[in-house]
2 protein chains.
Amino acid sequence: MALFIEHGYDAVTVADIAKQAGLTKRSFFNHFADKREVMFAAADAFEARVLDALGRADPELEPLDAAVWAYSKAAEPLGDYPDLARARGALIESSAELQERNLMKMASMTAKVAELLGARGASPREAAFVSQAATTIFTTAVDDWVQQPEHGLDAAIRNALSEFRSALGAAV
Amino acid sequence: MALFIEHGYDAVTVADIAKQAGLTKRSFFNHFADKREVMFAAADAFEARVLDALGRADPELEPLDAAVWAYSKAAEPLGDYPDLARARGALIESSAELQERNLMKMASMTAKVAELLGARGASPREAAFVSQAATTIFTTAVDDWVQQPEHGLDAAIRNALSEFRSALGAAV
DNA sequence: GGTGTGATTGCATCAGGTGCAATAAGAACG
DNA sequence: CGTTCTTATTGCACCTGATGCAATCACACC
């Protein structure tokens, strides 16, 4: 990430990354499926925490509340490093292929969350809609928080959820 | 698309495509930014129709209804060719890089729709949430329709919108 | 000290993608 | 009809990402 930030994502080659890590290009591809993946190792861990939290969520909670709670819980370790999140976000925004990969990761996580919501009793359709809503709420909250970290990520999530409810409340 | 369907996306090279079209690899890249884009020429045209329709939508409609109406209107020309949509969908699903590109296109269109909803008077936040909802509803409807085309795409959209409302109604 | 296992590497190879300069193909014009 | 201007096509050199395979290195374990 340091290399990417300094020179830009496109300007850094896989050989550069490998050299920085004291390895060869070939070894890089033993650890990461492609150049993009190196930016998403943390995201994979985050997904695991989300799914874990959702599995432990209060069964009484409505699907949307449960999903948002899981995101909130999983995001707790990130809350102390807004600068890191901002740098990562800027990097992703700077490269189309990173944006694509990011969307893919989010979509994949959304699908898995939906599956767990289904296991909690929601219909597949409801689970899919609610999970998509939770993803939207979470990414919106992160964007807000990254720009104004002072109130904390948790508050940003609660705020985004509330705004989502009032935005969709009129229409639904 | 015929080549992709016959041999699979990965197995077909850009040189193959160019040869089939009576051109060279270099000329292919004069027409398409990359190999993936060749699958999304129609999608770009669809986006244009969505934005155009939304511009003409009844100003009295609530944001979500306006957006969904625009998708419905823009999708009319597709309604007669469910087989084509199914083949295209299967192809995209078969390739991770096509999925990524598809998500990117949808995200980009979602952002543009949100902008137009903003121009209709919605707040940026409401516009973003509603536009994301409309995208979810539309893609869900297309999936449904592709599997059971007999009731028509328009009915599938209306149905998905209704299901969205009832799924989010309890939570919102 | 020997052995087995996994990580690392070198190498060859391929496909996607780009910049640049040359050239072919026409359309427009006198 | 011939010229000119524009645009599409091409060839070529070159780079990066990515993969398969075989060799080898490091090292924990017995």
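Per chain, numbering begins at 1; letters A, B, ... match sequence-line order. These numbers were taken from a predicted model, which means no experiment stands behind them.
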Novice: Assign the ring pair B/F138 / B/Y71 to parallel, tilted or perpendicular, where the plane angle (0 to 90°) is split at 30° and 60°.
Specialist: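 Ring orientation of B/F138 relative to B/Y71: parallel.
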Novice: Please determine if B/K19 forms a cation-pi arrangement with B/F28, meaning its NZ or CZ atom is less than 6.0 Å from the six-membered ring centre and no more than 45° off the ring axis.
Specialist: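 Not flagged: B/K19 not positioned over aromatic ring of B/F28.
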Novice: Protein-nucleotides 13-17 of chain C N/O pairs closer than 3.5 Å?
Specialist:
| from | atom 1 | to | atom 2 | distance (Å) |
| --- | --- | --- | --- | --- |
| C/dG16 | OP1 | B/K35 | NZ | 3.2 |
| C/dG16 | OP2 | B/V14 | N | 3.1 |
| C/dG17 | OP1 | B/R36 | NH2 | 2.4 |
| C/dG17 | OP2 | B/K35 | N | 2.7 |
| C/dG17 | O6 | B/K25 | NZ | 3.2 |

Novice: Any side-chain N or O of B/T24 less than 4.0 Å from the OP1 or OP2 oxygen of D/dT10?
Specialist: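 Answer yes for this pair, as a side-chain N or O of B/T24 is under 4.0 Å from OP1 or OP2.
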Novice: Mind calculating the distance between CZ (A/F32) and C1' (D/dT19) to the nearest angstrom?
Specialist: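 My rounded result for the distance is 18 Å.
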Novice: Quick check for you: to the nearest 0.5 Å, what is the distance between B/E97 atom CD and A/D34 atom CG?
Specialist: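 Answer for the CD-CG pair, B/E97 versus A/D34, is 10.0 Å.
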Novice: Which residues satisfy the side chain to side chain contact (heavy atoms under 4.5 Å, CB included) test with B/Y81, sequence neighbours excluded?
Specialist: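 With neighbours one apart ignored, the set is B/L84.
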Novice: Are A/F40 and A/F46 near enough that their ring centres are under 6.0 Å apart?
Specialist: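 Ring centroids of A/F40 and A/F46 are no less than 6.0 Å from each other.
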Novice: I need the CZ-C1' distance between B/R26 and C/dA24, as an integer number of Å.
Specialist: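 Spelled out: CZ on B/R26 to C1' on C/dA24 is 16 Å.
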Novice: Looking at D/dA8, I'd like to know if its phosphate oxygens (OP1 or OP2) sit under 4.0 Å from a side-chain N or O belonging to B/H31.
Specialist: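 No, outside the criterion.
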Novice: Taking distance alone, no hydrogens or angles, what donor-acceptor pairs closer than 3.5 Å link side-chain atoms of residues 105-114 of chain A to residues at least two apart or in another chain?
Specialist:
| from | atom 1 | to | atom 2 | distance (Å) |
| --- | --- | --- | --- | --- |
| A/K105 | NZ | A/E37 | OE1 | 3.1 |
| A/K105 | NZ | A/E37 | OE2 | 3.4 |
| A/K105 | NZ | A/D44 | OD1 | 3.1 |
| A/T110 | OG1 | A/M106 | O | 2.7 |
| A/T110 | OG1 | A/T135 | OG1 | 2.7 |
| A/K112 | NZ | A/E47 | OE2 | 2.8 |

Novice: Round to a whole Å and report the spacing from NZ of B/K19 to P of D/dT9.
Specialist: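 Checked: the NZ to P distance equals 19 Å.
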